[in-house]
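All remarks here apply to the structure that follows.
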Amino acid sequence: MSLTREQLAQQIIDAGRFLYGRGWSPATSSNYSARLSATEALLTVSGKHKGQLGIDDVLATDMSGNSLEPGKKPSAETLLHTQLYNWRADIGAVLHTHSVNATVLSRLLQSPVVTFEDYELQKAFSGISTHESKVRVPIFDNDQDIERLASKVQPWLDSHPDCVGYLIRGHGLYTWGPKMSDALRQIEAFEFLFECELKMRALINR
Ligand SMILES: CSC[C@@H](O)[C@@H](O)C(=O)COP(=O)(O)O
Ligand SMILES: [Zn+2]
């Protein structure tokens, strides 16, 4: 049974409180969304503190990222959400966060991809059933031109239909899932892996 707009808005508000509480969505950073229907998404408005979202701090957009609610300004990164809903029909929620570990790891690595392997926690990602699998996470250079950034992301998505998330260098993480709870689980798993990688690299380089 599909959820109402009010229920999806409440999930977005609750996600913001949780992610802000964990330190992964500081200040007005981050944006969150849920699929309303095949043709519409519910997104956070731009510039709000994500730990203090209210019921009016979300708006509906079409799947091209156009606001359907005049007077409300959609997230500056709306296109990165609608791109994902257009990419895969099974995606029901998208979360973007700005954690310290995502920011530091993506700046530390010069490579275009970070690969996680031999971590049991990889199994928290959809489609992964063993630590022996490789989870490849692309790192795209940051860009204030979101349309141009989306055009860099699209070829990766097209050639990696099982992609579970991506990093934007010095900026943050995007991940998703069929439900908000799936996207939240993947955020937690990514944060665990980012922290492990940073600790491993610090110890190896001592
Ligand atoms: C506080 S700077 C972060 C923004 O530039 C952006 O990256 C972000 O995540 C939030 O933008 P928003 O327009 O509120 O959705
Ligand atoms: Zn951002």
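Order of appearance sets the numbers: ligands from 1, and atoms from 1 within every ligand. As the structure is a prediction and not an experimental result, all values here were calculated from the model.
Distance screen at 4.0 Å: atom 2 (S) of ligand 1 has no protein heavy-atom neighbour inside the cut-off.
For ligand 1, the atoms sitting less than 4.0 Å from at least one non-hydrogen atom of K50 are 14 (O), numbered in the order shown with element in parentheses. For ligand 1, the atoms closer than 4.0 angstrom to any heavy atom of S30 are 8 (C), 9 (O), 10 (C), 15 (O). Within the listing of ligand 1, atoms 9 (O) sit less than 4.0 angstrom from a heavy atom of H96.
The aromatic rings of H98 and H96 sit perpendicular to each other, their planes meeting at more than 60°, with 30° as the lower class boundary. Below 30°, between 30° and 60°, or above 60°: for Y166 and W176 the angle between ring planes is between 30° and 60°, a tilted geometry.
With respect to the salt-bridge test (charged N to carboxylate O, under 4.0 angstrom), the residues E188 and R185 do not qualify.
Atom NZ of K123 is separated from atom NE2 of H131 by 8.5 Å, given to the nearest 0.5 angstrom.
A centroid separation of 6.0 Å or more is found between the aromatic rings of Y32 and H81.
Residue nearest to atom 13 (O) of ligand 1, selected from S29, G47, S46, P74: S46 (by heavy-atom distance).
Residue, atom and distance of the protein heavy atom nearest to atom 15 (O) of ligand 1 are S75 OG, 2.7 Å. Shortest contact from atom 5 (O) of ligand 1 to any protein heavy atom: E77 OE2, 4.5 Å.
Within H98, the N, O or S atom at minimum distance from the Zn ion (ligand 2) carries the name NE2. For the Zn ion (ligand 2), the nearest N, O or S atom contributed by H171 is named NE2.
Within 6.0 Å of CZ on R107 lie no more than 12 heavy atoms contributed by other residues, nucleotides or ligands.
Within the 4.0 Å heavy-atom cutoff, T28 counts among the residues contacting ligand 1.
For the pair NE2 of H96 and OE1 of E77, the angle at the Zn ion (ligand 2) is about 80°; rounding is to 10 degrees.
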Start with the C-alpha distance between E191 and E195, add both sets of side-chain angles, then the distance that settles side chain to side chain contact (heavy atoms under 4.5 Å, CB included), and finish with yes or no.
CA-CA 6 Å; E191 287 302 329; E195 192 162 345; over 6 Å; no
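Polar contact with ligand 1: present for A76 (N/O pair, distance under 3.5 Å).
Contact annotation for H81 and ligand 1: no heavy atom of the residue comes within less than 4.0 Å of the ligand.
Both L173 and M180 belong to a common hydrophobic cluster when Ile, Leu, Val, Met, Phe, Trp and Tyr are linked at side-chain heavy-atom distances under 4.5 angstrom.
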